[in-house]
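In what follows, a single structure is set out as structure tokens and then discussed.
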Amino acid sequence: MSQNKHISVSRSLRKKTLFLAGSTLAASTFAVSAQAQVAAPTAVADATDVHFTVSHTATPTWTRVFIDRDRSTATGYTSYGVGADFLIENGNLYKYAGTKGSWAWTSVKTLNTSPSTTKTAITVSRADLGSPTAISFVAQTDPPLNVSAVAQANLSTQISGATVPVTYTASNATIANPERGFYRHVPCTTPLSLSQLKSIRTTSSSSLMLCVFYLKDFVNAPISQTALNLFQQQMTTVRNAGMKAIVRFAYSDSSSPTDAKPAMVNTHLTQLAPMLASNKDVIAVVQAGIIGSWGEWGNTQNYGDSYNMTAQNMADRKSVVDKLLSVVPAERMVQLRMPLFKTKLYSPSNLTVSEAYTNTAKARLGFHNDCFLSSASDYGTYVNPSVEYPYLAAESNYVPTGGETCAVAPPRSDCPSALAEMAKFHWSYLNLDYNVSVLNNWRSKGCFAQVDQKLGYRFVMTSGTYSGTAKPGGTFSVNMSVQNQGWAAPYNSRNVELVFRNTATGALFFVKLAADPRRWMANQTATINQTVTLPSTMPRGSYELLLNLPDPQASLRNRPDYSIQMANSNTWEAATGFNKLNHTVGIAP
């Protein structure tokens with residue numbers, strides 16, 4: 001075709017035939033009323049080329065792309081919502097040469113195309129399109145005539161190696177993220193109600209429940225199979241409800257000092273080991289329990305005075321904890337009732353950064369305080385607060401702290417003291433059912449909502465910078481900042497992933513980041529600054545970028561209710577559990 005010859009057209013009400021200087025360019029006869037929608041085309045660019053993809057259901061007679069380089073319908077050939085400055089048809093590029101919307105085109109060149117039965121891929125030089133920074137475009141296929149919606153592409157952000165900055169807005173919403181927040185104490189000695197747990201999950205925004213599983217019928221005998229089956233049933237119900245359990249085993253549900261001797265405890269924990277392993281996905285943490293009234297290590301029949309332990313008492317108590325640590329999966333921590341027990345039975349020194357999360361006994365032992373804010377010593381939780389306060393403040397950076405209030409004791413149980421201590425000791429969870437008077441005081445004094453938000457972790461994305469384009473199997477740059485506005489870091493491990501979702505097909509590609517949310521400390525901003533390698537199998541196209549923090553257990557990985565939601569506005573996808581990063585990536589070879 002000559003560079004100076006133009007396409008002309010004749011029209012009738014029902015038919016249209018395109019031809020170039022008397023030669024048919026695309027002989028196409030169709031009824032105007034037969035137009036149908038086709039999937040929007042995509043365009044991604046690298047430093048030199050723009051790559052178009054037109055999807056279709058069968059091999060068409062011809063494929064067209066109308067390209068509006070200035071995104072103005074006042075110029076070019078006005079049709080289907082664009083003012084086309086260029087036309088691509090069956091692998092040939094044409095430039096508009098008409099005026100006032102008349103049909104006239106000049107041939108430019110033949111392009112590189114890859115047609116198939118489902119899509120046509122077209123590559124055109126940026127320079128041949130006049131090096132636009134942004135375009136609008138519409139695709140057509142025939143027969144019958146299929147017309148897409150108007151699509152747009154910002155080509156200025158798709159230069160190879162260029163990065164694009166994005167900022168995020170924080171949200172003040174209360175979020176029921178996993179393994180943190182207010183928990184519900186639901187009796188665990190009778191079958192749990194799935195509907196009750198689901199209601200708790202949705203109406204009180206609680207993702208945790210406390211399951212104290214009493215073994216009072218087995219102080220001197222192995223646990224019956226019926227009781228073991230009941231524990232399994234409870235964990236199944238917790239899983240079906242989308243919650244996790246704080247688990248404690250105990251022999252006494254009253255002030256009576258009934259408990260089992262160490263040898264029988266060993267037998268019982270051996271029996272429970274397989275169930276703890278098979279249900280580790282929905283066990284958030286295990287409280288040491290076993291010893292004393294309610295499993296709180298006081299009023300004990302067989303383990304001595306908590307404050308004046310003999311060498312044998314300490315050996316017996318340590319044997320219980322050691323056995324617990326051996327049967328509780330290594331991915332989960334065990335909580336002790338008092339700081340005294342960890343410093344006496346294991347180590348008086350604080351965990352270091354390098355010791356944290358190493359699966360040693362010292363690294364796996366946290367704390368639960370079930371008489372929080374009730375007196376100067378929290379009814380004996382602290383023996384020497386001047387020593388134990390700084391110890392607990394440092395230790396709780398890396399191990400879980402939680403529990404319940406048990407008495408109104410102003411001013412200590414009032415808002416200022418409560419907020420300060422939960423922040424100082426990095427509280428992750430708190431009982432919503434007890435002590436109600438303390439909690440109601442927080443409601444009336446206006447700090448309850450703050451507690452609800454800040455228990456545990458609260459991750460807020462502040463900014464990010466990402467590659468605008470990349471190649472399959474190539475590198476991708478991510479630099480993002482996440483602020484932890486909660487009182488604690490997560491105490492269980494969790495992966496951080498980038499998700500690339502094809503905007504045309506919905507296909508997902510996951511790339512794991514070298515980040516550990518357990519190291520995203522309270523009141524600090526963490527930075528992820530990495531260059532990752534993309535999957536080589538990613539097809540060319542436009543991809544939405546998302547952030548995924550799924551549960552690491554395979555049974556829960558694809559359940560959105562177990563994924564972490566960032567505390568940002570308009571980023572959470574409840575249906576997928578992904579956090580939108582508000583960025584689109586162009587993938588082109």
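Just so you know, these numbers use all the heavy atoms, side chains as well, and skip hydrogens, waters and symmetry mates. Numbers for residues simply follow the sequence, beginning at 1. Please read all numbers here as calculations on a predicted model, not as lab measurements.
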- Note on the structure: Minimal heavy-atom distance between Met521 and Asn484, with the atoms involved, is O-CB, 3.3 Å

- Task: Using atom types as modelled and distance alone, determine if a side-chain donor or acceptor of Gln234 lies under 3.5 Å from a backbone N or O of Cys188.
- Result: yes

- Message: Show, in sequence, the C-alpha distance, side-chain angles and deciding distance for Thr352 and Ser354, and conclude whether the side chain to side chain donor-acceptor pair (under 3.5 Å) test is met.
- Response: CA-CA 5 Å; Thr352 63; Ser354 60; 3.2 Å; yes

- Item | Pairs involving residues 321-357, ordered by first then second residue, that meet ring pair (Phe, Tyr, Trp, His ring centres under 6.0 Å) (sequence neighbours left out) | Trp297-Phe341

- Task: Please check if the side chain of Arg519 supplies one atom and the backbone of Ala489 the other of a donor-acceptor pair under 3.5 Å.
- Result: no

- Message: Is it true that Gln232 and Asn279 share a donor-acceptor pair across their side chains at a distance under 3.5 Å?
- Response: yes

- First locate atom CG of Asn495, then atom NZ of Lys512, and finally report the distance between them rounded to the nearest 0.5 Å. 4.0 Å

- Query: Are any non-hydrogen side-chain atoms of Leu498 and Phe476 less than 4.5 angstrom apart?
  - Reply: yes

- Query: So, do Met243 and Val282 sit near enough that their side-chain heavy atoms are less than 4.5 Å apart?
  - Reply: no

- Task: Work out which heavy atom in Thr258 is nearest to a heavy atom in Gln301; give both atom names and the distance.
- Result: CA-OE1, 3.6 Å

- Tyr543 backbone acceptor or donor facing Asn502 side chain under 3.5 Å: no

- Item | Side-chain heavy-atom pair Asp370, Asn431 within 4.5 angstrom cut-off | no

- Query: Quick check: does any side chain N or O of Arg559 sit under 3.5 Å from a backbone N or O of Asp551, one acting as donor and the other as acceptor?
  - Reply: no

- Taken to the nearest 0.5 Å, the spacing of Met422 CE from Ser417 OG works out to 9.0 Å

- Message: To the nearest 0.5 Å, what is the distance between CG on Asn548 and CG on Asn558?
- Response: 8.5 Å

- Message: Run Gln196 and Ser193 through side chain to side chain donor-acceptor pair (under 3.5 Å) and show every step you take.
- Response: CA-CA 5 Å; Gln196 180 188 16; Ser193 164; 4.7 Å; no

- Nearest heavy-atom neighbours spanning Ala526 and Trp520: CB-CD1, 3.3 Å

- Item | Flag side-chain contact, heavy atom, 4.5 Å: Val166 against Leu581 | no

- Message: Testing the basics here: between Val399 and Ala363, what is the closest heavy-atom pair and its distance to 0.1 Å?
- Response: CG1-O, 3.5 Å

- Ser319 and Asp322: side-chain donor and acceptor closer than 3.5 Å? no

- Item | Sidechain-backbone polar pair: Tyr491 side chain, Glu179 backbone, donor-acceptor under 3.5 Å | yes

- Message: For a 4.5 angstrom cut-off between non-hydrogen side-chain atoms, does Ser204 reach Leu432?
- Response: yes

- Message: Just verifying a value: how many Å separate Thr405 OG1 and Phe372 CZ, rounded to the nearest 0.5 Å?
- Response: 8.5 Å

- Task: May I have the step-by-step check of side-chain contact (heavy atoms from CB on, under 4.5 Å) for Val285 and His368, ending in yes or no?
- Result: CA-CA 11 Å; Val285 66; His368 68 103; over 6 Å; no

- Task: Ignoring hydrogens and angles, tell me if any N or O in the side chain of Arg184 forms a donor-acceptor pair with the backbone of Ser206 under 3.5 Å.
- Result: no

Less than 3.5 Å apart, which donor and acceptor atoms pair up between the side chains of residues 287-296 and the rest of the protein, not counting sequence neighbours?
unit_1	atom_1	unit_2	atom_2	d
Gln287	OE1	Arg248	NE	2.8
Gln287	OE1	Arg248	NH2	2.7
Gln287	NE2	Tyr429	OH	3.1
Ser293	OG	Ser254	O	3.0
Ser293	OG	Ser255	O	3.1
Ser293	OG	Ser256	O	3.3
Trp294	NE1	Asp253	O	3.1
Glu296	OE1	Arg337	NE	2.9

- Task: Say whether Gln233 and Asn229, considering side chains only, have a donor N or O and an acceptor N or O under 3.5 Å apart.
- Result: no

- Verify the ring-centre separation between Phe367 and Phe425: is it less than 6.0 angstrom? no

- Query: Should the pair Arg239-Asp281 be classified as a salt bridge under the 4.0 Å nitrogen-to-oxygen rule?
  - Reply: yes

- Task: Show your working on side-chain contact (heavy atoms from CB on, under 4.5 Å) between Thr236 and Asn240 and close with a plain yes or no.
- Result: CA-CA 6 Å; Thr236 299; Asn240 291 339; 3.7 Å; yes

- With sequence neighbours left out, what residues match Lys454 under side chain to side chain contact (heavy atoms under 4.5 Å, CB included)? Gln450, Gln485, Trp487

- Task: Apply side-chain contact (heavy atoms from CB on, under 4.5 Å) to Asp414 and Asn441, showing your working.
- Result: CA-CA 7 Å; Asp414 288 340; Asn441 182 53; 2.9 Å; yes

- Task: For Asn579 and Ile564, indicate whether the former's side chain and the latter's backbone hold a donor-acceptor pair under 3.5 Å.
- Result: yes

- pair Val451-Trp427: side-chain heavy atoms closer than 4.5 Å: no

- Work out which heavy atom in Asn570 is nearest to a heavy atom in Lys580; give both atom names and the distance. O-CE, 3.8 Å

- Item | Exam field: side chain His185 to backbone Cys211, donor-acceptor pair closer than 3.5 Å | no

- Once you round to the nearest 0.5 Å, how far does NZ of Lys445 lie from CG of Leu419? 12.0 Å

- Report yes or no: does Asp378 contribute a side-chain atom to a donor-acceptor pair with the main-chain N or O of Leu373 at less than 3.5 Å? yes

- Message: Cation-pi check for Phe459 against Arg494: NZ or CZ below 6.0 Å from the six-membered ring centre and within 45 degrees of the axis, yes or no?
- Response: no

- Task: For Ala250, enumerate each residue passing the side chain to side chain contact (heavy atoms under 4.5 Å, CB included) test, keeping only those at least two apart in sequence or located in another chain.
- Result: Val212, Tyr214

- residues 197-207 vs salt bridge (Lys or Arg N to Asp or Glu O under 4.0 Å), sequence neighbours excluded, gives none

- Which heavy-atom pair separates Asn435 from Val408 by the least distance, and what is that distance? OD1-CG2, 4.5 Å

- Would you please test Lys323 and Thr270 for side-chain contact (heavy atoms from CB on, under 4.5 Å) and show each step? CA-CA 8 Å; Lys323 181 64 175 181; Thr270 299; 2.9 Å; yes

- Any side-chain donor-acceptor pair under 3.5 Å between Tyr303 and Asn313? no

- Query: Rounded to the nearest 0.5 Å, what separation is found between the CG atom of Leu192 and the CG atom of Leu230?
  - Reply: 8.0 Å

- Task: Taking the side chain as every heavy atom from C-beta outward, state whether Ile223 and Phe249 have any atom pair closer than 4.5 Å.
- Result: no

- Task: Would you check if the side chain of Tyr389 reaches a backbone N or O of Tyr382 as a donor-acceptor pair within less than 3.5 Å?
- Result: no

- Note on the structure: Quick note, ring pair (Phe, Tyr, Trp, His ring centres under 6.0 Å) partners involving residues 433-452, not counting sequence neighbours, are Phe182-Phe448

- Taking everything shown except Lys362 itself, do over 12 heavy atoms lie less than 6.0 Å from its NZ? yes

- For Ser396 and Lys424, test the side chains for any donor-to-acceptor distance below 3.5 angstrom and give the result as yes or no. no

- For the residue pair Asn350 and Glu395, confirm or rule out a side-chain donor-acceptor distance under 3.5 Å. yes

- Query: Are Glu404 and Leu210 side-chain neighbours, meaning at least one heavy-atom pair lies under 4.5 Å?
  - Reply: no

